[in-house]
Amino acid sequence: MALLMEHQFRQLPADRQVETRPFLEACVTPSPIFRHHLCESSSSDCLGSTIFAPVKADMSANIAKIKVVYDTNPGRFKTLQQILEAEKEMHGDQWPKVGATLALMWLKRGLRFIQIFLQSLANGEKDESNPNLIRVNISKAYEVALKRYHGWFVQQFFKVSSGFHRHSLDTAPMFVFALQVALLSAPYKADFLRALSKGREVKEEDCLEKIRKFLINFTATVDATYEIYGKMNADLDYRA
């Protein structure tokens with residue numbers, strides 16, 4: 001849990017404007033969820049590199065795209081809303097399908113995925129027959145945050161709630177089968193919480209309480225980002 005608490009998101013000001021620079025810096029905070037494991041190699045992912053590779057790669061690429069725009073004029077692009085407003089004027093009819101606006105649209109969805117996953121853990125949601133597995137939490141996060149934006153093939157990647165039945169995949173493409181097998185290799189909850197605690201043995205409830213504290217500002221920031229897109233009618237519903 002130390003990995004999350006070391007990089008808290010900022011508390012939002014009264015006007016709920018999200019400052020770009022601290023937002024981008026804080027967006028690397030969820031990376032330990034993907035990157036760190038109990039092993040010594042920092043290249044390993046505590047949730048599995050195969051499982052979360054699409055989310056991780058998408059988030060990293062979109063953070064970089066937003067930063068490129070911000071760095072061109074930090075004073076002008078102090079807040080995320082200022083970036084959207086400037087790009088709306090700059091790109092005309094192409095907006096919001098271009099630039100940092102499009103990158104932030106997908107980034108906020110990835111952040112929502114992480115938020116719902118962590119909130120589900122913090123709320124104690126679990127598969128009663130397998131309480132130490134986190135597939136039910138991953139599945140909920142995907143269903144709420146990302147599924148509506150994905151086509152059939154991507155949806156198969158995250159299809160976990162019904163469990164694994166090889167006989168039902170006999171006619172499915174082998175890569176779909178391989179992805180589902182990879183998803184079933186998600187770590188046990190205890191291992192995941194220990195990884196977030198940098199390998200230290202800690203009580204589960206202590207870990208979950210720290211996740212709840214992290215989620216306060218994190219959730220508020222994600223909500224505020226969604227509010228910007230709603231206010232500016234900048235969201236798109238097309239499927240990847």
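None of these values were measured; they are calculated from a predicted model. The first residue of the sequence shown is numbered 1, and numbering continues consecutively from there.
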Novice: Report yes if the side chains of I228 and M232 come closer than 4.5 Å at any heavy-atom pair, otherwise no.
Specialist: yes
Novice: Given I114 and M59, is the side-chain contact (heavy atoms from CB on, under 4.5 Å) satisfied, shown in steps?
Specialist: CA-CA 11 Å; I114 293 174; M59 288 181 63; 3.8 Å; yes
Novice: What pair of heavy atoms forms the shortest contact from F117 to I134, and how long is it?
Specialist: CZ-CD1, 4.1 Å
Novice: Is a donor on one side and an acceptor on the other found under 3.5 Å between the side chain of T219 and the backbone of I216?
Specialist: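 Such a contact is absent between T219 side chain and I216 backbone.
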Novice: Hey, are K189 and E204 close enough for a salt bridge, meaning a charged N less than 4.0 Å from a carboxylate O?
Specialist: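 Looking at E204 together with K189, the answer is yes, because their closest N to O distance falls below 4.0 Å.
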Novice: Could you give the distance from CZ (F113) to NZ (K147), rounded to the nearest 0.5 Å?
Specialist: 13.5 Å
Novice: Is it true that D223 and R112 have a side-chain N and a carboxylate O under 4.0 angstrom from each other?
Specialist: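 A salt bridge is present here (some side-chain N lies under 4.0 Å from a carboxylate O).
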Novice: Is there a continuous path of hydrophobic side-chain contacts, each under 4.5 Å between heavy atoms, that joins V144 to V136?
Specialist: no
Novice: Using a 4.5 Å cut-off on heavy atoms from C-beta on, say whether the side chain of R194 contacts that of R200.
Specialist: no
Novice: Salt-bridge test for D127 and R135: reply yes if a basic N is under 4.0 Å from a carboxylate O, no otherwise.
Specialist: no
Novice: Is a donor on one side and an acceptor on the other found under 3.5 Å between the side chain of T221 and the backbone of N217?
Specialist: yes
Novice: Once you round to the nearest 0.5 Å, how far does CD1 of I211 lie from CG of D206?
Specialist: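 The distance works out to 11.5 Å.
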Novice: Which pair of non-hydrogen atoms, one from Q82 and one from R76, has the smallest distance, and what is that distance?
Specialist: OE1-O, 3.3 Å
Novice: Minimum heavy-atom separation for I66 to A103, with atom names?
Specialist: CG1-CB, 3.9 Å
Novice: Say whether Q81 and E85, considering side chains only, have a donor N or O and an acceptor N or O under 3.5 Å apart.
Specialist: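 Short answer, yes.
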Novice: Should F23 and L104 count as side-chain neighbours, where that means a heavy-atom distance under 4.5 Å?
Specialist: yes
Novice: Given side-chain contact (heavy atoms from CB on, under 4.5 Å), test D235 with R109 step by step and report yes or no.
Specialist: CA-CA 11 Å; D235 240 329; R109 292 170 182 173; 3.0 Å; yes
Novice: CD1/I63 to CG/L24 distance, rounded to the nearest 0.5 angstrom?
Specialist: 7.0 Å
Novice: Give the minimum heavy-atom separation between A234 and P96, together with the two atoms involved.
Specialist: O-CG, 3.3 Å
Novice: What's the shortest heavy-atom distance between A141 and I116, and which atoms?
Specialist: CA-CG2, 3.6 Å
Novice: Determine whether a donor-acceptor pair (N or O, by modelled atom type, separation under 3.5 Å) exists between the side chain of N62 and the backbone of D58.
Specialist: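 At least one qualifying donor-acceptor pair exists.
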Novice: Say you draw a straight line from CG of L236 to CH2 of W106; how long is it, rounded to the nearest 0.5 Å?
Specialist: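 If we round to the nearest 0.5 Å, L236:CG and W106:CH2 are 9.0 Å apart.
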Novice: Mind listing the closest non-hydrogen atom pair of A220 and R16 along with its distance?
Specialist: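 Where A220 meets R16 most closely, the heavy atoms are O-NH2, 3.6 Å.
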Novice: Taking atom types as modelled, is there a side-chain donor on E87 or T101 under 3.5 Å from an acceptor on the other?
Specialist: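 Their side chains do contain a donor-acceptor pair, which is all the 3.5 Å distance test asks for.
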Novice: Under a 3.5 Å distance rule, please check whether T20 uses its side chain to pair with a backbone N or O of F77 as donor and acceptor.
Specialist: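 The answer is yes, because a donor-acceptor pair under 3.5 Å joins these two groups.
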Novice: So do C27 and L107 actually touch side chain to side chain, heavy atoms under 4.5 Å?
Specialist: yes
Novice: Quick one: list whatever passes salt bridge (Lys or Arg N to Asp or Glu O under 4.0 Å) with E125, sequence neighbours left out.
Specialist: K140
Novice: May I ask you to check whether over 12 heavy atoms, not counting those of N233, lie within 6.0 Å of atom CG?
Specialist: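 Open: at most 12 neighbouring heavy atoms sit under 6.0 Å from CG of N233.
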Novice: With under 30° as parallel and over 60° as perpendicular, where do the rings of F9 and F218 fit, or are they tilted in between?
Specialist: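 Tilted, since the angle between the ring planes falls between 30° and 60°.
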Novice: Does the pair K108 and M105 meet the rule for a side-chain contact (heavy atoms from CB on, under 4.5 Å), with working shown?
Specialist: CA-CA 6 Å; K108 70 180 176 60; M105 182 191 74; 4.3 Å; yes
Novice: Given side chains that start at C-beta, do those of L80 and T225 come closer than 4.5 Å, heavy atoms only?
Specialist: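 Yes, close enough: below the 4.5 Å cut-off.
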Novice: Would you give the length of the straight line joining atom NZ of K88 to atom CD1 of I83, rounded to the nearest 0.5 angstrom?
Specialist: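 Going from the NZ atom of K88 to the CD1 atom of I83 covers 16.0 Å.
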Novice: Checking side-chain contact (heavy atoms from CB on, under 4.5 Å) for the pair N132/D191: CA distance, chi angles, key distance, verdict?
Specialist: CA-CA 9 Å; N132 198 29; D191 293 336; over 6 Å; no
Novice: Less than 6.0 angstrom from the centroid, inside 45 degrees of the normal: does R21 satisfy that with respect to the ring of Y70?
Specialist: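 Negative - R21 is either too far from the ring of Y70 or too far off its axis.
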Novice: Between E205 and R212, is there a side-chain N and carboxylate O pair less than 4.0 Å apart?
Specialist: yes
Novice: Which distance, rounded to the nearest 0.5 Å, do you find between the CD of E19 and the CG of L12?
Specialist: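 Going from CD on E19 over to CG on L12, the span is 10.0 Å.
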Novice: Can you confirm whether more than 12 heavy atoms, excluding those of Q11, are under 6.0 Å from its CD atom?
Specialist: no
